[in-house]
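Just so it is clear: chains get the letters A, B, ... in the order the sequence lines come, proteins before strands, and each one is counted from 1.
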2 protein chains.
Amino acid sequence: MVEYSEQALDRTFSALADPTRRAILGRLMSGEARVTEIAEPFEMSLNAVSKHVAVLERAGLVRRDVQGRVHQLSFEGAPILEAARWMEETRRFWEARLDALEAFLEKAKAKNTPPDEKETKS
Amino acid sequence: MVEYSEQALDRTFSALADPTRRAILGRLMSGEARVTEIAEPFEMSLNAVSKHVAVLERAGLVRRDVQGRVHQLSFEGAPILEAARWMEETRRFWEARLDALEAFLEKAKAKNTPPDEKETKS
DNA sequence: GGAATATTCAACCATATGGTTGAATATAGA
DNA sequence: TCTATATTCAACCATATGGTTGAATATTCC
């Protein structure tokens, strides 16, 4: 198992746990932007957006490049990579177990009484 | 772009944004367990752990199977898969941009004035 | 039935979060 | 220099979060 910084994961996941912040990241992925530009499409105040940006910056997901009075923001992917790796590992573990289960079900089915179908989430 | 349920992503990411809850998931990945068993290694009260489990359950990351007074908990991977997909998409976008940047740097280097080296994070 | 066990519910507390408004700061431009 | 612009800082508010303790509930076992 790879080692992860718990604090970094905390910051990354909680930064991602807000739709406004995910939208900001989405916006930044298609290119740099200033705080005011970022804030424009949202219904909330500029200050609220500024705070969201600060959260993203603290999590390392956004880089701020101050040029005079303008703050250029850009997307920074490294923490996502880290968190995604954590999730991948988790998921792989789970899938391995799931594969084992499926194999078992398959064998059971081949034998005689077919078990219940897998549920489908709505 | 695939569509994601914002609320589901909210719940998944904020459920993952806590080290205790990630540890609980880790524990559950190696097999089912009851609430008391889960709580045992933690310093906090059983009630606190019970609440964490409830959060994970609400996010769909944990399934609860009540057998008499015992609640058997098991890991449920689907939401992780969903969130991981979101991150993968995000990451791919970013990597594409990064690749473009690297290509640009490479070309610039080949020409004449080598631009600054990429910084390495501590 | 009565005691022990597994778990949640309820109330409470401290702190964090997401929003607001108004003022402060710093830079750009006439 | 004066004004407009870009942004943060500070104070405040409502609600959410993560923890506690004590009581309630349901189940098992003697």
Report task. Record whether the side chain of B:Asn47 comes under 3.5 Å of the base of D:dG22 through a donor-acceptor pair of N or O atoms. Result -> yes
Report task. Kindly say whether B:Gln72 contributes a backbone atom to a donor-acceptor pair with the side chain of B:Arg34 at under 3.5 angstrom? Result -> no
**Report entry** Closest-nucleotide ordering on DNA chain C, the 5'-leading residue of B:Val35 and A:Ala17
**Finding:** B:Val35
Report summary line: note: A:Asp18, atom CG; D:dT17, atom C1'; distance rounded to Å ~ 15 Å
Query - Rounded distance (Å) that lies between atom C1' of C:dT25 and atom CZ of A:Arg69 - result: 13 Å
Query raised in the report: Roughly how many Å is it from CZ in B:Arg22 to P in D:dG18, rounded to a whole number?
Result: 12 Å
Query raised in the report: Once you round to the nearest 0.5 Å, how far does CG of B:Leu28 lie from CZ of B:Phe75?
Result: 8.5 Å
Query raised in the report: Is any side-chain N or O of B:Arg34 closer than 4.0 Å to OP1 or OP2 of C:dT5?
Result: no
Query raised in the report: B:Leu56 has an atom CG; how far is it from atom C1' of D:dT17, in whole Å?
Result: 14 Å
Report summary line: Whichever of A:Val70 and A:Glu43 has the more 5' nearest nucleotide on DNA chain C, that residue is A:Glu43
Query raised in the report: If each of B:Ala48 and B:Arg58 is mapped to the nucleotide of DNA chain D with the nearest heavy atom, which maps nearer the 5' terminus, i.e. the 5' end?
Result: B:Arg58
**Report entry** Side-chain ion pair, B:Glu57 and B:Arg63, N-O less than 4.0 Å
**Finding:** no
Report task. Determine: side-chain N/O of B:His71 to OP1/OP2 of C:dA6, distance under 4.0 Å, yes or no. Result -> no
Requested in this report: Tell me which nucleotide among C:dT8, D:dG18, C:dG19 gets nearest to the side chain of B:His52.
Outcome: D:dG18
Query raised in the report: Which residue, A:Lys51 or A:Arg64, contacts DNA chain D at a nucleotide closer to its 5' end, judged by nearest heavy atom?
Result: A:Arg64
Query raised in the report: Rounded to whole angstroms, how far apart are CZ on B:Phe13 and P on C:dT17?
Result: 17 Å
Requested in this report: Look at atom CD of A:Gln67 and say whether more than 12 heavy atoms of other residues, nucleotides or ligands are closer to it than 6.0 Å.
Outcome: yes
Query raised in the report: Does A:Ser50 place a side-chain N or O at less than 4.0 Å from the phosphate oxygens OP1/OP2 of D:dT8?
Result: yes
Query raised in the report: Tell me: CG of B:Asp10 to P of C:dT17, nearest whole Å?
Result: 15 Å
Query raised in the report: Given C:dG19, is OP1 or OP2 found less than 4.0 Å from the side-chain N or O atoms of A:Ser45?
Result: no
Query raised in the report: Taking atom P of D:dA16 as reference, at what distance in whole Å does atom CZ of B:Arg21 sit?
Result: 15 Å
Report task. Would you mind reading off the distance between A:Leu46 atom CG and D:dA10 atom C1', rounded to a whole angstrom? Result -> 15 Å
Query raised in the report: Should A:Val62 and A:Glu76 count as side-chain neighbours, where that means a heavy-atom distance under 4.5 Å?
Result: no
